[in-house]
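Following: one structure in structure tokens, then a few remarks.
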Amino acid sequence: MTTDELEQLLAQQPVAVLHRLARGRVQRHFRAGKRRLIELLLQHSAQNRAGFESDLLTLIGERQAGPTSGSRPRHETPPIAHKKAASRSSDSEPSEPPISLTEWLQGIGVPAPQPFVQDPWQIEALAAVNETDVVISVPTGSGKTYVAIEAARRAMEDNRSVIYTSPLKALSNTKYAEFSKIFGPDKVGILTGDRQENGQAPLLVMTTEILRNLLYDAASGEIDVRLDTLGLVILDESQYLADPERGVVWEETIIFCPSQARLLLLSASIGNPQDIADWLTSIRATPCRLVRHSKRTVPLRAGYLHPNGKLTPLFRTLGIPQGHPGHLHPEAKHLFMEYEEETLPSGRPRR
Amino acid sequence: MPPSIHPVDLISALRQKHLTPAIVFLTSRRACDEAMEAFDHANFVLPTTRQEAIAKALEQVMAHHPSIAEHPMIPIVQRIGVAAHHAGHLPTWKIAIEELMRQGHLDAVFATTTLAAGVDFPARTVVITQSSIRKSRDFTDLTAGEVQQIAGRAGRRGKDHVGFAVITPSPYIDLSVLTKGLTGQPEAIDSQFTISYPMVLNLLKAHPHEHIQGILAKSFAQFQLNQRAEVLEQKLDALHIKMEPFGPRVCTDWITQWHTFDHARRHRHTRHPTYRAEPPEISARLPFLTPGRVVGFSRGRGVVLRQYRSKGQKNSMLTVLRPESAVTECPVTSVKEVYDRTYDCPETSTYPWCSTDTFDRLSHQLEELPLRLPLLPILASTDSEPLPDAIVQSLEDFSCPTCPSRSACQKDFLTASRLRQEQQRHTKSIQALRTSLWHRFQERVEVLQKFGYLTLTTQLTAEGEWARLIRIDHSLLITELIRAEAFTGADPSLLAGILASLAHDDDRPGAFPRISPGLSSLLGQVRKLAESLSPDEDPPLLRADVAALVERWVADQTLTWIGLCRLTTMAEGDIYRLLARTLEYLSQVQTLKGTHPGLAESASQAIAAIRRGVLEELP
């Protein structure tokens with residue numbers, strides 16, 4: 001959600017909802033008018049955006065589920081409790097009881113084999129990559145490689161050549177092996193600084209540095225013909241853009257990437273994918289499409305294992321409570337405090 | 001209670017809850033290896049069916065990568081179903097472990113966090129034992145992005161309903177870093193754009209100098225700088241609106257005008273601390289004009305009887321005993337000379353300001369004075385600095401006191417001048433943000449011109465034409481070495497050794513094999529040159545041990561991989577990476593076929609010599 005969208009959404013809510021959101025977030029929120037309240041909430045949301053958004057969505061959900069039941073308990077709370085709630089931090093613990101270990105462990109196992117179904121974001125990305133540059137920012141293990149493979153397949157079917165780059169030689173080797181299995185060994189080549197294997201293949205795997213060097217050679221006149229037929233450049237692990245030593249190589253590669261080739265940037269979850277997309281839009285011929293989602297394909301649960309072998313859930317909730325690092329499971333909290341007390345040298349203040 | 005859970009207990013706890021296979025992230029390579037050993041000692045044996053499955057899977061990998069067939073860890077991994085995986089291992093061995101993990105034959109892999117960023121293989125569970133990571137020489141807290149990258153390995157698509165991230169404490173863990181990382185949003189990424197020498201050369205080869213600014217403007221760095229500049233511009237616009245009521249008044253630039261007027265007004269008193277200020281050369285005399293001092297006037301001489309201030313007079317006054325017992329009053333300014341002669345003259349409070357005896361004695365002594373007396377050297381201090389011109393002008397020059405808008409100016413001045421200062425500061429920073437990349441580029445250009453890679457018109461010289469092909473770290477040092485003919489006639493092994501010491505950036509210590517005299521003298525030469533280049537390029541570590549190691553590998557073709565590993569304390573994986581990076585550097589030198597055929601030939605010989613054994617298996 002962008003700040004503008006958030007502001008709009010807040011503006012649509014009745015002021016009562018805003019006050020409930022402001023509880024524990026904004027001091028003396030009951031004195032503020034609606035405009036001012038929205039302003040204060042937005043200011044506060046900068047500290048913990050995810051938690052704020054999730055709270056807002058739950059409140060909206062509650063209202064839609066039953067407008068009266070949502071607001072009733074609030075009026076019934078005695079004034080003292082009200083005050084307490086207001087003075088508590090935004091990480092106040094929810095009222096539901098924490099989940100038990102058995103609940104937490106439920107559902108372990110291998111799912112029945114299912115036919116592969118594309119995720120909506122994968123469909124969206126693949127549809128877009130034919131026309132424009134695409135930036136994909138999704139959590140680890142969501143199936144970015146599938147998009148890369150499909151995009152490469154489609155480009156090769158159109159007789160356009162494809163370059164796939166990864167930050168590490170080890171990754172290049174893995175991908176080379178993987179792609180050779182999928183497309184057949186004659187369709188895939190690999191380029192390293194001193195060696196070429198099947199260098200004329202339509203799909204070339206290399207590290208980003210090698211591609212940058214190719215682009216420099218092409219720019220300075222030592223024309224490499226394959227750059228004219230280059231249809232798709234896939235930059236895997238694009239979050240390396242922020243690498244202190246090597247990030248510059250990704251920038252150079254993107255700046256000098258031929259305009260007829262489509263760029264496909266695959267990246268793990270990052271905080272500002274929109275910036276990357278806006279940047280690409282500003283320097284490339286076609287506007288760049290951003291595909292992002294933050295939901296993991298396989299849900300994640302967090303646990304705490306005490307050195308004595310006792311396992312408990314880490315958080316009160318089954319999943320990860322986005323934006324609420326304080327929602328620890330009471331047992332995990334207790335055990336960890338015990339651990340710290342025993343291991344920390346006495347007299348050292350605990351953080 | 002132990003400070004952290006024993007690896008065997010850890011895995012059995014996970015197994016009991018069906019949480020395997022798991023990846024256990026540990027702090028160091030040594031911790032991974034020790035965990036393996038602990039398993040080895042724990043008499044833990046897999047059922048034969050699983051052992052056979054592992055053996056079969058390993059055989060498949062060996063078919064492609066025969067070098068791991070002899071790997072000492074194979075029987076252990078087969079027996080216990082657990083493996084270590086870190087950067088100290090050979091890439092082929094890591095491939096084997098990854099393959100075993102992918103096929104689900106292993107219960108656990110002990111890994112360092114470097115794995116999280118690199119190769120991907122998932123598991124049902126990841127175990128996190130630390131909240132910080134070793135970066136260059138320091139431990140820093142994991143960022144939210146890194147925590148999520150690590151946790152992201154949990155849960156295999158199509159093989160698991162759920163993935164688990166289990167935190168188990170060890171000393172120095174900070175739980176809040178991990179919980180915040182798990183629940184928070186990943187950090188925004190920032191551009192790390194730097195302008196290197198090869199980048200400048202390659203840009204200037206392909207584009208005219210005047211286009212470069214436009215190309216730099218296309219970088220993500222500039223995009224982000226522009227974002228910051230835009231924020232400032234918005235602030236500037238807001239300031240502009242705030243400044244509107246403070247537009248031109250009677251004077252166009254009334255803020256400056258009032259500022260100088262106000263300053264002059266305030267400093268009027270410090271400029272004239274007393275109405276009777278003497279010029280410095282006079283005031284310097286005052287301490288010496290004490291009773292009994294002999295002084296000279298335009299006519300005749302006298303003895304000072306007292307020094308005093310008088311209400312009606314601008315200057316300090318003196319009472320002087322003149323010849324023929326005359327007592328006169330005169331201002332200090334009328335004193336022409338101060339002589340290096342004093343008489344004893346105790347002061348009294350009434351006329352003639354000394355006792356009658358003294359008065360008679362002094363009159364007598366004054367008559368007896370020789371014609372020539374030595375002068376007292378008095379240094380006038382000139383440290384009272386002149387005030388700036390704008391303020392020196394007297395208050396009468398200002399129209400402000402009589403100006404009709406005087407009261408308005410006085411009221412608004414503080415606000416307006418604060419706003420204007422802010423405006424100027426923002427304008428300056430916006431300019432800096434917009435042009436900083438270009439300035440950095442220009443700095444690089446100047447250095448390259450100094451070394452003769454670029455002409456004054458920013459054309460590539462003959463040197464620049466080949467130097468732009470060296471696109472690696474320490475490029476300036478390498479090209480300067482080539483120009484200094486340091487490698488001419490050098491053996492391929494020497495070239496490889498030197499490039500290895502340039503390529504290696506790790507500071508893990510290693511015991512080294514004996515270094516040959518040729519290499520050590522060449523390395524000394526390189527070190528000297530690197531030091532002389534240090535204002536323009538950071539010098540590399542230039543470790544002699546890695547240079548000697550690579551030299552041996554290239555020079556001695558009978559040396560086996562095991563033999564090479566025995567020469568040093570470096571881990572196998574580190575040696576492999578060292579050789580791989582050396583290959584990269586050599587292949588850059590190899591591109592100089594056109595201009596330096598001998599050197600390029602030497603480089604390709606070195607490449608051929610390095611590529612044998614383990615190094616031949618992966619492209």
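We use all heavy atoms of the structure for the numbers below, so side chains are in, but hydrogens, waters and symmetry mates are not. Residue numbers start from 1 in every chain, and the chains themselves are labelled A, B, ... in the order their sequence lines are given, proteins ahead of strands. What you see is a predicted model, and the numbers here were worked out from it, not measured in a lab.
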Can you measure from CG (A/Asp278) to CG (B/Asn226) and round to the nearest 0.5 angstrom? 12.5 Å

Proximity breakdown for A/Ser282 and chain B, heavy-atom pairs closer than 4.5 Å: side chain

Contact class of B/Asp190 relative to chain A, heavy atoms under 4.5 angstrom: backbone

Can A/Thr174 and B/Glu99 be said to form a side-chain contact (heavy atoms from CB on, under 4.5 Å), step by step? CA-CA 10 Å; A/Thr174 319; B/Glu99 193 52 39; over 6 Å; no

So B/Val127 and A/Leu305, side-chain contact (heavy atoms from CB on, under 4.5 Å) or not? Walk me through it. CA-CA 9 Å; B/Val127 179; A/Leu305 181 67; 5.8 Å; no

Without hydrogens or angle criteria, can the side chains of A/Glu251 and B/Ser191 be said to hold a donor-acceptor pair below 3.5 Å? yes

Heavy-atom cut-off 4.5 Å, strictly under: side chain, backbone, both or neither for A/Trp104 against chain B? both

Whatever's closer than 4.5 Å to a heavy atom in chain A on B/Arg156 counts as backbone

Between B/Ala144, B/Gly155, B/Ala217, which has the largest tally of heavy atom pairs under 4.5 Å with chain A? B/Gly155

Counting C-beta onward and ignoring hydrogens, is there a side-chain heavy-atom pair between B/Arg471 and A/Val249 closer than 4.5 Å? no

Taking atom CZ as the centre, does B/Arg228 end up with more than 12 heavy-atom neighbours from other residues, nucleotides or ligands that are less than 6.0 angstrom away? no

As an exercise: rank A/Ala268, A/Pro313, A/Gly247, A/Ser220 by heavy-atom pairs under 4.5 Å with chain B and give me the winner. A/Ser220

Go through A/Pro321, A/Gly109, A/Pro244 and name the one with the most non-hydrogen pairs under 4.5 angstrom from chain B. A/Gly109

Could you measure the distance from the CD atom of B/Gln16 to the CG atom of A/Leu311? Nearest 0.5 Å is fine. 9.5 Å

Which residue out of A/Gln106, A/Gln196, A/Arg301 racks up the most heavy-atom pairs below 4.5 Å with chain B? A/Arg301

Does any part of the side chain of B/Ser176, heavy atoms only, come nearer than 4.5 Å to the side chain of A/Pro325, both counted from C-beta? no

Give the C-alpha distance, both sets of side-chain angles, the deciding distance and a yes or no for side-chain contact (heavy atoms from CB on, under 4.5 Å) between B/Leu203 and A/Phe256. CA-CA 10 Å; B/Leu203 282 174; A/Phe256 296 113; 3.3 Å; yes

What is the minimum heavy-atom distance between A/Ala242 and B/Ile189, and which atoms define it? CB-CB, 3.6 Å

Tell me, out of B/Gln148, B/Gln222, B/Gln227, who's got the most heavy-atom pairs with chain A below 4.5 Å. B/Gln227

If you count the non-hydrogen atoms of other residues, nucleotides and ligands that lie under 6.0 Å from CD in A/Glu245, is the total more than 12? no

For chain A, which candidate among B/Gln185, B/His18, B/Lys180, B/Lys17 shows the most heavy-atom pairs at distances under 4.5 Å? B/Lys17

Which heavy-atom pair separates A/Val110 from B/Gly158 by the least distance, and what is that distance? CG1-O, 4.4 Å

Does A/Thr140 reach the main-chain N or O of B/Arg153 with its side chain, forming a donor-acceptor pair under 3.5 Å? no

Heavy-atom pairs under 4.5 Å with chain B - which of A/Ile108, A/Leu241, A/Thr297 has more of them than the others? A/Ile108

To the nearest 0.5 Å, atom CG of A/Asn213 lies from atom CG of B/Leu469 at 9.5 Å

Under 4.5 Å from any heavy atom of chain A, what part of B/Pro91 do you find: side chain, backbone, both or neither? neither

Side chains of B/Leu175 and A/Met337, heavy atoms from C-beta outward: is any pair under 4.5 Å? no

Minimal heavy-atom distance between A/Tyr339 and B/Ser170, with the atoms involved, is OH-C, 3.0 Å

Parallel, tilted or perpendicular for A/Trp279 and B/Phe220, by the 30°/60° rule? tilted

Can you find a pair of side-chain heavy atoms, one from A/Phe336 and one from B/Ile167, that are under 4.5 Å apart? no

Please determine, among A/Asp243, A/Ile254, A/Ile320, A/Asn173, the option with the most heavy-atom pairs under 4.5 Å with chain B. A/Asn173

Leading residue by heavy atom contact count with chain A [cutoff under 4.5 Å; candidates B/Lys205, B/Gln224, B/Glu584]: B/Lys205

To the nearest 0.5 Å, what is the distance between NZ (A/Lys169) and CG (B/Leu583)? 6.5 Å

Strictly distance-based, threshold 3.5 Å: is any side-chain N or O of B/Arg157 a donor or acceptor partner for the main-chain N or O of A/Val298? no

Taking atom NE2 as the centre, does B/His207 end up with more than 12 heavy-atom neighbours from other residues, nucleotides or ligands that are less than 6.0 angstrom away? yes

The salt bridge (charged side-chain N to carboxylate O under 4.0 Å, His left out) partners of A/Arg246 (sequence neighbours excluded) come to A/Glu209

Restricting to non-hydrogen atoms, name the atom on A/Ala219 and the atom on B/Ala206 that form the minimum distance, rounded to 0.1 Å. O-CB, 3.3 Å

Give the member of B/Asp473, B/Leu19, B/Ile128, B/Leu586 that has the highest number of heavy-atom pairs under 4.5 Å with chain A. B/Leu19

Select, from B/Ala13, B/Gly145, B/Ala151, the one with the greatest count of heavy-atom pairs under 4.5 Å involving chain A. B/Ala151

Approximate separation, where rounding is to 0.5 Å, of A/Gln322 CD and B/Leu182 CG: 9.0 Å

Looking only at A/Leu314, A/Asp275, A/Leu335, the option with the highest number of non-hydrogen pairs under 4.5 Å against chain B is A/Asp275

Working to the nearest 0.5 Å, report the span between OH of A/Tyr304 and OG1 of B/Thr179. 12.0 Å

May I ask you to check whether over 12 heavy atoms, not counting those of B/His64, lie within 6.0 Å of atom NE2? no

